[in-house]
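Notes for the one structure printed next.
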Amino acid sequence: MPLNRPIIPQRPCFKICYICGREFGSQSISIHEPQCLEKWRTENNQLPSHLRRPEPKKPEVLTAITRDITTK
Ligand SMILES: [Zn+2]
């Protein structure tokens, strides 16, 4: 039995934070997102009411992008 089968290293799955747009590992994004959203809310609350933005919503996985390509 050959034991030299290549071991495929588990590549970290990177996800992009929908709030700040930065890349994070699939585990760290679950930690980051609530913190990032809280920070966003704090900053947004400090703005005058006419400058406040609607809270970013977590996008549905890939469907929005696919639709974007097909409609153009
Ligand atoms: Zn973020």
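We count ligands from 1, going down the list as the structure has it; atoms in each ligand are counted the same way. All values below come from the heavy atoms of this structure, side chains included, with hydrogens, waters and symmetry mates left out. Given the structure is predicted, the values throughout are model-derived calculations rather than measurements.
Closest approach of G25 to F14, counting heavy atoms only: N-CD2, 3.8 Å. Closest approach of P54 to W40, counting heavy atoms only: O-CH2, 3.5 Å. Annotation for Y18 and P59: closest pair CB-CD, 3.5 Å, computed over non-hydrogen atoms.
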Which pairs would a plain distance check flag for residues 29-39, meaning a side-chain donor or acceptor within less than 3.5 Å of a matching protein atom at least two apart in sequence or in another chain?
unit_1: S30; atom_1: OG; unit_2: Q27; atom_2: O; d: 2.6
unit_1: E33; atom_1: OE1; unit_2: K58; atom_2: NZ; d: 3.1

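Rounding to the nearest 0.5 angstrom, the gap separating the CD atom in E55 from the CD1 atom in I19 is 8.0 Å.
Of all protein atoms, those of element N, O or S that lie under 2.8 Å from the Zn ion (ligand 1) number 4.
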